[in-house]
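Position 1 is the first residue of the sequence; numbering continues from there. If you're wondering where the values come from, they're calculated on a predicted model, not measured in any experiment. Excluded from the calculations below are hydrogen atoms, water molecules and symmetry mates; all remaining heavy atoms, backbone and side chain alike, are included.
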Amino acid sequence: MVSLTWSIAVLAGATPRLVASSPESCASFYEQTSIPNVTVIASEYLLNGTQIPLPGTVESCGGPDLIANITADLCRLVLIVATTPSSEVQIEAWLPDSQSWNGRSLSTGNGGIGGCIDYATMQNGAGLGFASFGTNAGHNGSVGYEFFLNQPEVINDFGHRAIHVEAEVGKELVTQYYGNGASKNYYAGCSTGGRQGFQNAHLYPKDFDGLLLGSPGVDWLHIVASKGILAHRIGWPNLNSLEC
């Protein structure tokens, strides 16, 4: 399993070099991708303007009727990364055609208690030519507690590791797909995504060349406590539910 440093090496001569993107090159990349502890579970080549259904999305992330808008001709990959024997992170990669790629990458964070891939920011990034990445931060959903209960490594993924893994895997995917690394690697996140960015910059300062952090939720304990205070003062639906 991966260590906290998440060093990834590609065997010499194994890096695919694609001069142009196409359905065939996307399918070939799916078969050739080789990164330790990474499993590609889906790939598809999509044209700009395509709407893709996401039927497996949990309710708190938009539900099974959620649709993502493809904003460039691109190769879409869905990957599972084993971070420890008891935890894993899902990453989504949108890789624009080499003709429209701007030579840079954009990783994204989450909101709330994480668990929802930030398709909106990925859409913007791909539309501007970035190789764009999203993560579920190690669990699916942004409501409840079950995914954290007695799961310390899942908490570690949400706390700091998922964004680092996204950065490392994203860089390797870019190198393998385009034949060379990105000239700059960026990150954008708001609320929890802002907190994730601050944490990443502190623990893994070499991951990104620049970070755009909005409304960072860094004072987590006080944020959570404030929700409980508000619930008791003004009331919330299903106040007695553990999912509040």
Donor-acceptor contact below 3.5 Å, side chain [X] vs main chain [Y]:
X: Arg195; Y: Gly159; value: yes
X: Asn102; Y: Leu128; value: yes
X: Gln123; Y: Asn69; value: yes
X: Gln51; Y: Ile67; value: no
X: Ser183; Y: Gly103; value: yes
X: Thr121; Y: Asp118; value: no
X: Thr83; Y: Ser87; value: yes
X: Ser28; Y: Glu24; value: no

Distance in Å, [X] [atom1] paired with [Y] [atom2], rounded so as to fall on 0.5 Å steps:
X: Gln151; Y: Glu146; atom1: CD; atom2: CD; value: 11.5 Å
X: Phe158; Y: His139; atom1: CZ; atom2: NE2; value: 6.0 Å
X: Thr84; Y: Asn37; atom1: OG1; atom2: CG; value: 10.0 Å
X: Asn150; Y: Phe148; atom1: CG; atom2: CZ; value: 13.0 Å
X: Leu212; Y: Thr108; atom1: CG; atom2: OG1; value: 12.0 Å
X: Leu95; Y: Cys75; atom1: CG; atom2: SG; value: 5.5 Å

Are [Y] and [X] co-members of a hydrophobic cluster defined by side-chain heavy atoms under 4.5 Å apart?
X: Leu46; Y: Met122; result: yes
X: Leu77; Y: Tyr119; result: no
X: Tyr177; Y: Phe133; result: yes
X: Val165; Y: Trp94; result: no
X: Leu74; Y: Ile117; result: yes

Heavy-atom side-chain contact between [X] and [Y] under 4.5 Å:
X: Asn185; Y: Lys171; value: yes
X: Val81; Y: Glu166; value: no
X: Ser142; Y: Ile113; value: yes
X: His160; Y: His164; value: no

Could you please spell out the steps behind the side-chain contact (heavy atoms from CB on, under 4.5 Å) verdict for Tyr187 and Asn200?
CA-CA 10 Å; Tyr187 171 89; Asn200 180 271; over 6 Å; no

Is there any side chain to side chain donor-acceptor pair (under 3.5 Å) pair reaching into residues 125-138, and which pairs are they, with sequence neighbours excluded?
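Counting only pairs at least two positions apart or across chains, the side chain to side chain donor-acceptor pair (under 3.5 Å) contacts touching residues 125-138 are Asn136-Asn140.
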
Evaluate Val40 against Leu79 for side-chain contact (heavy atoms from CB on, under 4.5 Å), listing each step before the verdict.
CA-CA 4 Å; Val40 181; Leu79 311 96; 3.8 Å; yes

Nearest heavy-atom neighbours spanning [X] and [Y]:
X: Leu54; Y: Ala68; answer: CD1-CB, 3.9 Å
X: Ser105; Y: Ala182; answer: N-CB, 4.0 Å
X: Ile70; Y: Ala72; answer: CG2-O, 3.1 Å
X: Gly193; Y: Leu213; answer: O-CD2, 4.3 Å
X: Ala137; Y: Gly115; answer: CB-N, 4.4 Å
X: Val89; Y: Ala162; answer: CG2-CB, 4.1 Å

Return the set of residues passing side-chain hydrogen bond (donor to acceptor under 3.5 Å, both in side chains) with Gln196 (not counting sequence neighbours), or none when no residue passes.
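Once residues adjacent in sequence are excluded, the partners of Gln196 under the side-chain hydrogen bond (donor to acceptor under 3.5 Å, both in side chains) criterion are Asn110.
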
Would Asn156 and Glu153 count as a side-chain contact (heavy atoms from CB on, under 4.5 Å) here? Give the steps.
CA-CA 5 Å; Asn156 283 333; Glu153 294 300 340; 3.3 Å; yes

Determine, for Phe208 and Arg104, whether the Lys NZ or Arg CZ falls below 6.0 Å from the six-membered ring centre while staying within 45 degrees of the axis.
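Pair Arg104/Phe208 does not count as cation-pi.
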
Considering residues, nucleotides and ligands other than Phe198, do more than 12 of their heavy atoms fall under 6.0 Å from its CZ?
no

Determine, stepwise, if the pair Leu173 / Thr33 fulfils side-chain contact (heavy atoms from CB on, under 4.5 Å).
CA-CA 8 Å; Leu173 285 173; Thr33 303; 3.9 Å; yes

According to salt bridge (Lys or Arg N to Asp or Glu O under 4.0 Å), does anything in residues 55-81 pair up with another residue at least two apart or in another chain? List the pairs.
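As it turns out, the salt bridge (Lys or Arg N to Asp or Glu O under 4.0 Å) pairs with a partner in residues 55-81, which skip direct neighbours, are Glu44-Arg76, Arg76-Glu92.
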
